[in-house]
Amino acid sequence: MTNHIVLFEPLFPANTGNIARTCAGTNTVLHLIKPLGFATDDKHMKRAGLDYWDKVEVVYHDDLPAFMATVPDQTKLYLVSKFATRDYTEVDYTASGDHYFLFGKETTGLPEPFMHQYPELAIRIPQNDDNIRALNLSNSAAIVIYEALRQQSFPHLARVHTYEFDKLK
């Protein structure tokens with residue numbers, strides 16, 4: 001079972017860099033759907049991802065239909081959107097096979113016609129809509145991927161680690 005974070009036309013290199021770092025730390029594949037709002041060699045994006053870029057499997061897609069053609073089981077595709085009516089915690093992410101979490105562009109989200117085509121795939125992170133338009137993209141990706149990993153019992157992740165200079169010892 002592999003988890004995938006998919007970014008539709010991301011605009012800000014810092015968000016993508018932060019998400020790449022989360023992917024490196026969670027063994028999650030990162031998909032980027034073009035066009036991107038930055039060059040992938042942009043120094044700010046690399047700085048946000050620090051020295052973890054070589055630890056991330058990044059897959060590029062020319063557009064949304066090209067990405068959709070690569071998803072083997074659309075029942076394990078989740079459209080993360082503030083317009084969804086089902087909470088992300090209501091989904092069972094333990095089924096075998098790959099799980100794909102698709103996030104929209106920072107400014108406009110996922111295309112409305114696409115959302116209308118797949119409303120049953122949409123999930124939402126609860127938030128106070130009176131106070132904000134949306135949560136930060138990189139925070140949202142971390143929230144959702146860690147819920148999936150929690151349900152999957154954190155496969156291949158260190159639950160405990162001993163450091164040479166352990167601050168708790």
Side-chain angles (χ1 to χ4, degrees), residues 1-42 44-46 48-49 52-88 90-125 134-149 151-152 155-156:
M1 173 182 336
T2 302
N3 293 308
H4 303 256
I5 291 177
V6 185
L7 304 181
F8 171 75
E9 299 181 1
L11 294 172
F12 306 125
N15 279 334
T16 301
N18 288 336
I19 292 167
R21 184 175 182 166
T22 297
C23 288
T26 60
N27 305 313
T28 300
V29 178
L30 176 61
H31 296 255
L32 301 176
I33 300 174
K34 298 176 184 177
L36 309 181
F38 50 86
T40 54
D41 61 352
D42 183 89
H44 299 294
M45 190 172 89
K46 287 187 177 181
Y52 302 102
W53 281 103
D54 63 327
K55 307 289 189 228
V56 181
E57 180 181 346
V58 181
V59 181
Y60 294 91
H61 304 276
D62 288 332
D63 53 31
L64 191 52
F67 162 72
M68 290 297 289
T70 68
V71 179
D73 181 358
Q74 289 185 357
T75 65
K76 294 184 187 129
L77 171 64
Y78 311 98
L79 314 181
V80 184
S81 171
K82 71 178 186 175
F83 299 106
T85 57
R86 177 173 57 152
D87 285 354
Y88 75 106
E90 296 175 11
V91 177
D92 180 1
Y93 305 113
T94 61
S96 63
D98 290 2
H99 297 266
Y100 294 82
F101 301 94
L102 175 57
F103 295 83
K105 187 186 305 190
E106 289 97 331
T107 55
T108 58
L110 293 166
E112 189 172 343
F114 180 78
M115 294 292 294
H116 284 292
Q117 189 175 356
Y118 301 101
E120 72 283 1
L121 304 179
I123 58 174
R124 173 185 168 86
I125 300 169
L135 295 169
N136 173 274
L137 179 62
S138 61
N139 291 339
S140 297
I143 289 167
V144 171
I145 198 64
Y146 268 92
E147 172 60 16
L149 290 165
Q151 289 185 23
Q152 298 163 2
H156 311 292

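Computed from a prediction, not measured in an experiment: that's the story for all the values here. Because only heavy atoms are used, hydrogens play no part in the values below, and waters and symmetry mates are left out as well, while side chains stay in.
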Rounded to the nearest 0.5 Å, how far apart are [atom1] of [X] and [atom2] of [Y]?
X: Thr26; Y: Ile5; atom1: OG1; atom2: CD1; answer: 6.0 Å
X: Leu121; Y: Leu79; atom1: CG; atom2: CG; answer: 5.0 Å
X: Thr107; Y: Leu137; atom1: OG1; atom2: CG; answer: 10.5 Å
X: Ser138; Y: Asn15; atom1: OG; atom2: CG; answer: 4.5 Å
X: Ile19; Y: Phe12; atom1: CD1; atom2: CZ; answer: 12.0 Å
X: Phe38; Y: Leu32; atom1: CZ; atom2: CG; answer: 6.0 Å

(request) Mind listing the closest non-hydrogen atom pair of Pro155 and Asn27 along with its distance? (result) O-ND2, 4.4 Å
(request) Grab the two heavy atoms, one from Gly17 and one from Trp53, that are nearest each other, plus how far apart they are. (result) CA-CZ2, 3.9 Å
(message) Test of understanding: with side chain to side chain contact (heavy atoms under 4.5 Å, CB included), list the residues that count as partners of Glu120, not counting sequence neighbours.
(response) Tyr118
(message) List the residues meeting side chain to side chain contact (heavy atoms under 4.5 Å, CB included) with Gln151, not counting sequence neighbours, and say none if there are none.
(response) Asp92, Tyr93, Thr94, Glu147
Any donor-acceptor pair under 3.5 Å from [X] side chain to [Y] backbone:
X: Asn3; Y: Thr28; answer: no
X: Arg124; Y: Asp87; answer: no
X: Thr16; Y: Pro13; answer: no

Between [Y] and [X], is there a side-chain heavy-atom distance shorter than 4.5 Å?
X: Ser81; Y: Met115; answer: yes
X: Val144; Y: Phe103; answer: yes
X: His61; Y: Met68; answer: no

(request) Using salt bridge (Lys or Arg N to Asp or Glu O under 4.0 Å) as the criterion, list what pairs up with Glu106, not counting sequence neighbours. (result) none
(message) Once you measure the plane-to-plane angle for Phe101 and Tyr78, does it fall in the parallel (<30°), tilted (30-60°) or perpendicular (>60°) bin?
(response) parallel
(request) Measure up the Tyr100 and His4 rings against each other and bin them: parallel (under 30°), tilted (30 to 60°), perpendicular (over 60°). (result) parallel
(message) Going by salt bridge (charged side-chain N to carboxylate O under 4.0 Å, His left out), name the pairs with one or both residues in residues 53-70, residues two or more places apart or in two chains.
(response) Lys34-Asp62
(message) According to salt bridge (charged side-chain N to carboxylate O under 4.0 Å, His left out), does anything in residues 71-81 pair up with another residue at least two apart or in another chain? List the pairs.
(response) Asp73-Lys76
(message) For His156, give me all partners under side chain to side chain donor-acceptor pair (under 3.5 Å), at least two apart in sequence or on another chain.
(response) none
(message) Quick check on Glu90: does its CD atom have over 12 non-hydrogen neighbours (other residues, nucleotides or ligands) under 6.0 Å away?
(response) yes
